[in-house]
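A short write-up of the structure that comes next.
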Amino acid sequence: ALKVLEYAKTHKDGIAIILMLEYGLSRSELLGLKWTDIDTDNKIIHIMRGVVDAQDNNGKMYIEIGEPKNDFRKRDI
């Protein structure tokens, strides 16, 4: 994991890897982040929603944005 973190620090999209490894964010939570969820003054990230792929009855894929499945997933880090 240390090699992955070191690489992430130099990669243009490395912040996503760092957030997932260091803070335990899931892919859904990471994709659900908005700039308004990030409080730079207090150094807090509010996990408020998730983004998942879904499929309708006709087999067409779409993105579903909503609150986390469980209340304990809604948190501040």
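Just so you know, residue 1 is the first one in the sequence shown, and it goes up from there.
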Does the side chain of Ile77 come within less than 4.5 Å of Leu25's, by heavy atoms? yes

Report yes if the side chains of Ile45 and Leu19 come closer than 4.5 Å at any heavy-atom pair, otherwise no. yes

Interatomic distance, CG@Leu30 vs OH@Tyr23, rounded to 0.5 Å, equals 13.5 Å

Yes or no on side chain to side chain contact (heavy atoms under 4.5 Å, CB included) for Ile44 and Ile38, after CA distance, side-chain angles and deciding distance? CA-CA 6 Å; Ile44 296 173; Ile38 301 170; over 6 Å; no

First locate atom NZ of Lys12, then atom OG1 of Thr10, and finally report the distance between them rounded to the nearest 0.5 Å. 12.5 Å

For Pro68 and Met48 the tightest heavy-atom approach is CD-O, 3.4 Å

Test ring pair (Phe, Tyr, Trp, His ring centres under 6.0 Å) applied to Tyr7 - qualifying residues, sequence neighbours left out: His11

For Gly50 and Ser28, work out which heavy atoms get closest and say how close. CA-OG, 3.2 Å

Report the residues that fulfil side-chain hydrogen bond (donor to acceptor under 3.5 Å, both in side chains) with Arg27, sequence neighbours left out, ordered by chain and then residue number. none

In short, Ile18 meets Ala8 closest at the heavy-atom pair CG1-CB, 3.9 Å

CG/Asn70 to CZ/Arg75 distance, rounded to the nearest 0.5 angstrom? 11.0 Å

If only atom types and distance count, is the side chain of Asn58 paired as donor or acceptor with the main-chain N or O of Lys60 below 3.5 Å? no

Can you find a pair of side-chain heavy atoms, one from Glu22 and one from Leu5, that are under 4.5 Å apart? yes

Does the pair Lys74/Glu29 count as a salt bridge with the N-to-O cut at 4.0 Å? no

Atom pair CD1/CD1 of Ile65 and Ile63 - distance to nearest 0.5 Å: 7.0 Å

Mind jotting down which residue pairs meet the side-chain hydrogen bond (donor to acceptor under 3.5 Å, both in side chains) criterion with at least one end in residues 44-57? Sequence neighbours excluded, please. Asp37-Arg49, His46-Asp76

May I ask you to decide whether Glu6 forms a salt bridge with Lys9, counting only side-chain N to carboxylate O separations under 4.0 Å? yes

